[in-house]
2 protein chains.
Amino acid sequence: MDRRRTNENDEATAKERPTLKTLAFMTGLGVTTVSRALKDAPEIGAETRRRVQLVAKQIGYRPNRAGVRLRTGKTNVISLVLNTEHELMSFVSDIIYGVTAMIADTPYHLIVTPYSRSQDPMDPVRYLVETGSADGIIISRTQPNDPRARYLLERGVPFATHGRTDMGLVHPYHDFDNYAFANEAVRYLAATGRRRLALLAPPIGLTYHGHTVNGFTDALSEVGASEVAFNTVTIDHSIEQIRMRTAQLMRRSDRPDGFVSSAAASTLAIVAGIEDAGLKLGRDVDVVSKQSSELLHLFRRELLVVNESFRLAGSELARAVLGWIGGAEPGSLQSLSKPGEVLPYRG
Amino acid sequence: MDRRRTNENDEATAKERPTLKTLAFMTGLGVTTVSRALKDAPEIGAETRRRVQLVAKQIGYRPNRAGVRLRTGKTNVISLVLNTEHELMSFVSDIIYGVTAMIADTPYHLIVTPYSRSQDPMDPVRYLVETGSADGIIISRTQPNDPRARYLLERGVPFATHGRTDMGLVHPYHDFDNYAFANEAVRYLAATGRRRLALLAPPIGLTYHGHTVNGFTDALSEVGASEVAFNTVTIDHSIEQIRMRTAQLMRRSDRPDGFVSSAAASTLAIVAGIEDAGLKLGRDVDVVSKQSSELLHLFRRELLVVNESFRLAGSELARAVLGWIGGAEPGSLQSLSKPGEVLPYRG
DNA sequence: TTGGCAACCTGTAACGTTTCAGTATATTGA
DNA sequence: TCAATATACTGAAACGTTACAGGTTGCCAA
């Protein structure tokens with residue numbers, strides 16, 4: 001069916017959505033002039049410009065996205081690429097809010113492009129590039145040698161990564177300083193007398209796994225504490241698995257007296273495992289955990305927390321992508337968020 | 001700048017993305033024929049049809065979204081409208097996954113359209129409709145008399161609501177049976193001897209506030225238990241406020257011995273408040289709570305939970321919207337999800 | 001007066017798609 | 001044999017936008 005408007009002439013009191021043609025008719029100008037006037041082109045007279053813009057505002061003109069996109073290739077879309085199995089709930093929610101807050105006053109829309117375990121993480125990225133579905137892309141779960149980043153750089157598609165790469169290539173990113181987090185967590189535990197520490201790390205393969213492990217081990221040797229290996233699970237594992245492994249670990253004679261945990265949900269599992277083994281948090285063992293919302297202290301007061309804002313990450317990532325689209329240098333669009341102090345429960 | 005391709009003729013080994021014109025050249029047919037062949041139009045010869053489709057698949061032809069959208073008005077977009085202040089974290093994450101899972105094998109993209117406290121909830125909906133930005137809309141935080149639903153029905157825009165309305169108008173929805181939830185929660189508590197119950201309800205104004213309250217009060221009179229008013233806070237309030245109000249309540253002599261809570265995060269606050277008052281969960285008071293992920297039992301084993309799947313909600317809402325777009329009767333696209341049993345901690 | 005030039009404006013074409021109104025060829029009915 | 005009809009295909013136009021290549025004025029210098 002053809003959805004063409006019934007009033008072929010735009011003279012009728014247009015109930016239809018106004019277009020450049022409508023504006024051209026109303027102002028008595030050509031569509032070209034109207035188009036340029038709306039973008040403040042210098043070859044349009046100042047008075048005409050103001051007049052066109054006034055009328056446009058009055059009748060609520062909004063450029064047709066499909067028209068612009070077809071003609072220019074510009075989609076005015078940012079895509080957030082998410083793994084549907086392994087992203088943290090709080091991550092998804094907060095990063096979306098961060099991104100949408102940043103693009104709120106722009107013409108950009110946010111589309112969410114998912115991929116699942118069964119798929120190559122490259123799939124959604126390739127899809128977006130090949131179909132020209134977005135002007136900019138945000139990817140998470142960044143790897144040291146990340147084929148997605150490499151591919152996007154090759155294609156010249158603006159993007160930003162949540163987490164850094166380590167390929168000698170320059171691109172926008174936002175990252176939380178997980179080295180500092182793990183380092184400070186260890187120091188804090190050591191300062192309270194804990195000497196045998198275990199780390200529940202991010203999944204191997206992601207860049208911040210390395211950062212976290214390095215921060216952890218560096219601090220261990222600096223404070224003279226030792227590590228109790230706990231690398232059969234990562235924060236990608238299920239609650240049940242982490243809990244079971246923790247309980248297992250805590251029943252050994254060489255059990256740790258301190259944990260550093262990279263994710264809040266995993267921390268719930270660690271604590272459950274500790275208690276399964278009949279031990280008591282705060283007495284037998286301390287746990288320092290990252291969290292993105294203020295829930296862990298409700299869970300157990302004895303927990304020690306470090307806050308990481310995913311909302312900030314979302315905003316920064318969106319800012320970076322928009323900046324790149326706007327012509328800024330990719331190298332100038334990198335940010336690293338420092339962890340705050342390790343926080344015990346405050347009254 | 002004009003981004004027109006350098007090879008004006010499509011004869012060159014097209015490094016560019018193939019279009020109908022490319023296919024037309026390769027098959028020796030006209031673009032019209034190609035277009036129709038791809039949609040299995042009956043007036044195209046069976047052999048030609050197969051040939052075109054084969055070539056299209058071979059070279060990876062994908063219709064240009066902007067072209068289709070400009071010509072037909074079809075956007076192939078579903079928009080999820082979210083409140084950035086009050087949606088639950090788990091809700092956002094799971095509903096997005098549910099929706100994306102359902103639209104994965106369709107040409108649809110999901111865009112997230114946010115609105116904040118300061119805005120009229122109608123704003124994003126009006127924006128979407130006026131700019132024709134989506135073929136279908138999913139809205140949450142549904143009200144008994146919901147102006148968004150009324151508006152979308154008037155405009156004939158396909159949509160589905162998370163939660164029901166009560167305006168005598170028929171439209172697709174998915175809802176969790178919160179009446180049954182509250183009812184069964186009360187019965188369970190009563191069966192364990194609890195007699196003075198408090199309800200932490202959804203925010204007044206949303207339809208499921210009424211459902212929940214009704215299920216609660218109906219069950220109260222059926223089992224002969226009494227209500228302890230707890231309506232100074234709702235699940236929209238902050239953790240701190242709920243906690244404080246709970247503690248306040250629990251210090252009164254006529255304190256409740258059972259709670260029904262409509263959201264997991266709020267339950268954490270309730271428990272904290274209970275403990276602030278020096279009381280013990282499971283001994284002095286029991287709490288039945290909805291949850292959307294299996295975390296509450298890690299938090300306190302004594303909690304009693306009822307599961308609500310937001311992922312299911314996302315899938316069902318997407319299915320409903322797609323169904324409406326596909327021409328199904330709105331009235332046939334309604335679903336109500338029954339709560340499972342109240343679950344105590346299982347070893 | 002005229003040529004040159006700046007300032008301001010305009011028509012046409014094109015992006016990729018679908019619909020409309022055909023055309024050409026083969027097939028049928030009488 | 002010829003017209004009517006069915007089958008298979010096609011060109012042109014249009015959706016709304018922007019880039020290109022102009023077109024008019026009016027003014028100034030020569």
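So you know, we letter chains A, B, ... as the sequences are listed, proteins then strands, and number each from 1.
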Roughly how many Å is it from [atom1] in [X] to [atom2] in [N], rounded to a whole number?
X: B:Arg71; N: D:dA13; atom1: CZ; atom2: C1'; answer: 8 Å
X: B:Phe25; N: C:dG16; atom1: CZ; atom2: P; answer: 16 Å
X: A:Leu38; N: D:dT18; atom1: CG; atom2: P; answer: 8 Å
X: B:Leu20; N: D:dA13; atom1: CG; atom2: C1'; answer: 16 Å
X: A:Leu23; N: C:dT10; atom1: CG; atom2: P; answer: 13 Å
X: A:Arg17; N: D:dG16; atom1: CZ; atom2: P; answer: 9 Å
X: A:Leu29; N: C:dC8; atom1: CG; atom2: P; answer: 13 Å
X: B:Asn76; N: C:dT17; atom1: CG; atom2: P; answer: 13 Å

Exercise: do [X] and [Y] side chains pair donor with acceptor under 3.5 Å:
X: A:Asp135; Y: A:Thr75; value: yes
X: B:Gln53; Y: B:Asp40; value: yes
X: A:Glu87; Y: A:Ser140; value: yes

Atom CG in A:Asn64, atom CZ in A:Arg69: separation rounded to 0.5 Å? 11.5 Å
State whether [X] places a side-chain N or O below 4.0 Å from either non-bridging phosphate oxygen (OP1 or OP2) of [N].
X: B:Ser35; N: C:dT17; value: no
X: B:Thr32; N: D:dG11; value: no
X: B:Thr33; N: D:dT10; value: yes
X: A:Lys21; N: D:dG16; value: no

Of the listed nucleotides D:dT17, C:dT18, C:dT10, the one nearest the side chain of A:Arg36: C:dT10
Just checking B:Tyr115 against B:His86, ring centres under 6.0 Å apart? no
Between the side chains of A:Glu43 and A:Arg36, is the shortest nitrogen-to-carboxylate-oxygen separation below 4.0 Å, so that they form an ion pair? yes
Close side-chain approach of B:Arg65 and B:Val77, heavy atoms under 4.5 Å: yes
Nucleic acid contacts of residues 42-68 of chain B, taken as heavy-atom distances under 4.0 Å to DNA chain D: B:Glu43, B:Ile44, B:Gly45, B:Thr48
